[in-house]
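Input: a single structure, listed below in structure tokens.
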Amino acid sequence: MPASPPSLSINGSHDSPSRDQLRRELRRRRRVLDSRQQRRAAHQLVQQLKSLPEVQRARRVALYLPQGGEIDPTPLIDWLRKRGAQVYLPVLKPLSENRLWFVRYHASTPMVRNRFGIAEPDTRHGAHRARRLPAWALDLVLMPLVGFDAQGNRMGMGGGFYDRTFAFTRWRRPKPGLIGVAHDCQGVAELPVAPWDVPLDAIVSDRRIVRPTVRP
């Protein structure tokens with residue numbers, strides 16, 4: 001994989017890119033990766049994830065299906081299932097403002113495209129309580145990021161779905177482990193932190209593991 005472009009930062013100076021500009025640039029970085037680079041990054045990501053104790057002990061794991069150049073966590077699925085773990089995918093929760101359900105996923109799970117064009121389990125399938133979990137009942141969540149910094153701060157997708165869904169983790173225990181995953185080229189020197197940004201336990205790329213200085 002080619003070397004990452006120079007890091008961007010937002011530090012309040014007049015010539016700093018806006019948050020939206022930075023998000024567009026980081027999306028561009030991952031989209032330009034070709035299929036070989038994507039496969040290699042996915043393999044390296046999974047090797048990093050397997051080394052984490054919270055991944056090794058998790059039995060109810062939520063991850064996502066990649067789109068728009070996102071790093072692919074799905075090669076981890078077979079390894080998780082061999083260890084007896086159940087795998088869940090996020091679903092846009094019906095009649096709710098920007099919140100997620102988590103529906104158990106198998107190769108035979110009926111899939112549809114949501115309003116953003118992202119594949120997800122059919123809501124009619126996920127409506128059965130036996131097939132879905134509330135967010136608090138998960139052991140581990142692997143979530144996509146647009147960007148991250150060396151302090152473990154994150155830039156999300158912009159819709160606030162994960163922030164709203166996991167806002168309870170600020171005060172409720174036990175809580176699921178929250179791990180952001182991204183291509184290493186999505187790392188920047190510094191990110192602004194918004195008050196609604198839910199802190200993560202770790203950020204994992206294809207090249208490194210970043211732990212926040214202050215654990216959530």
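- Contact annotation: the side chain of Leu63 never approaches that of Val181 to less than 4.5 Å [non-hydrogen atoms, C-beta and beyond].
- To the nearest 0.5 Å, the span separating NZ on Lys50 from CG on Leu45 amounts to 11.0 Å.
- Taking a cutoff of 4.0 Å between a charged side-chain nitrogen and a carboxylate oxygen, Asp184 and Arg208 qualify as a salt bridge.
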Item to complete: For side chain to side chain contact (heavy atoms under 4.5 Å, CB included), just list the numbers for Leu178 and Tyr162, CA-CA rounded to whole Å, side-chain angles, deciding distance to a tenth of an Å, and then say yes or no.
Response: CA-CA 10 Å; Leu178 302 178; Tyr162 283 94; over 6 Å; no

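- Residues Asp197 and Arg154 have side chains in contact (heavy-atom distance under 4.5 Å, counting atoms from C-beta outward).
- A distance of 12.5 Å separates CG in Leu33 from CZ in Arg39, rounded to the nearest 0.5 Å.
- Here the closest heavy-atom approach between residue Ile209 and residue Ser51 is recorded as CD1-OG, 3.9 Å.
- Every side chain to side chain contact (heavy atoms under 4.5 Å, CB included) that Ile118 has, sequence neighbours left out, goes to Gln67, Asn114, Phe116.
- Between Arg132 and Glu120 there is no salt bridge, since no side-chain nitrogen of the basic residue lies less than 4.0 Å from a carboxylate oxygen of the acidic one.
- At most 12 heavy atoms of other shown residues, nucleotides or ligands fall within 6.0 angstrom of atom NE2 in His43.
- Hydrophobic clustering, with ILVMFWY side chains joined whenever heavy atoms are under 4.5 angstrom apart, keeps Val112 apart from Trp101.
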Would you tabulate the side-chain donor-acceptor contacts of residues 74-90 under 3.5 Å, counting partners in other chains and residues two or more places apart, or write 'none'?
| unit_1 | atom_1 | unit_2 | atom_2 | d |
| --- | --- | --- | --- | --- |
| Thr74 | OG1 | Asp72 | OD1 | 2.5 |
| Thr74 | OG1 | Asp72 | OD2 | 3.2 |
| Arg81 | NH2 | Tyr105 | O | 2.2 |
| Arg83 | NH2 | Gln56 | O | 3.1 |
| Gln86 | OE1 | Tyr88 | OH | 2.7 |

Go through the steps to decide whether Gln44 and Gln47 satisfy the test side chain to side chain contact (heavy atoms under 4.5 Å, CB included), and finish with yes or no. CA-CA 5 Å; Gln44 292 173 330; Gln47 297 310 307; 5.7 Å; no

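- For the residue pair Pro176 and Asp201, the shortest heavy atom distance occurs at O-OD2, 4.1 Å.
- Between the side chain of Gln37 and the main chain of Asp34, a donor-acceptor pair closer than 3.5 Å is present.
- For Asp149, the side chain to side chain contact (heavy atoms under 4.5 Å, CB included) test picks out Gln151, Asn153, Val188, Leu191, with sequence neighbours left out.
- For the atom pair CZ of Arg211 and CG of Leu52, the computed distance is 5.5 Å after rounding to the nearest 0.5 Å.
- Inter-residue side-chain proximity for Leu100 and Leu92 is flagged as met; some heavy-atom pair is nearer than 4.5 Å.
- Under the ring-ring contact (aromatic ring centres under 6.0 Å, His included) criterion, Phe102 pairs with Phe166, sequence neighbours left out.
- Met111 contributes atom CE, which lies 9.5 Å from atom CG of Asp122 (distance to the nearest 0.5 angstrom).
- Looking at Arg23, its side chain does come within 3.5 Å of a backbone N or O of Gly156 through a donor-acceptor pair.
- The minimum heavy-atom distance between Ala41 and Ile71, with the atom names listed, is O-CD1, 3.8 Å.
- Smallest separation of non-hydrogen atoms from His183 and Glu70: NE2-C, 3.8 Å.
- Placement of Phe168 and Met143 within a single hydrophobic cluster is found when ILVMFWY residues are connected by side-chain heavy-atom separations under 4.5 Å, directly or transitively.
- Using a distance-only test at 3.5 Å, with no hydrogens or angles considered, no donor-acceptor pair links the side chain of Asp139 to the main chain of Val61.
- Trp196 is not connected to Leu22 by any chain of hydrophobic side-chain contacts under 4.5 Å among Ile, Leu, Val, Met, Phe, Trp and Tyr, and they are in different clusters.
- Contact detail for Arg164 and Arg99: the closest heavy-atom pair is O-NH1, 2.9 Å.
- For Arg113, the side chain to side chain contact (heavy atoms under 4.5 Å, CB included) partners at least two apart in sequence or on another chain are Ala119.
- Minimum heavy-atom separation, Val91 to Pro121: CG2-CD, 3.6 Å.
- Test Ile203, Val204, Ile179, Leu26 against Leu145 for side chain to side chain contact (heavy atoms under 4.5 Å, CB included) and you get one pass: Ile203.
- Under a 3.5 Å cut-off, the side chain of Gln186 and the backbone N or O of Arg29 do not form any donor-acceptor pair.
- With sequence neighbours excluded, no residue forms a side chain to side chain contact (heavy atoms under 4.5 Å, CB included) with Pro174.
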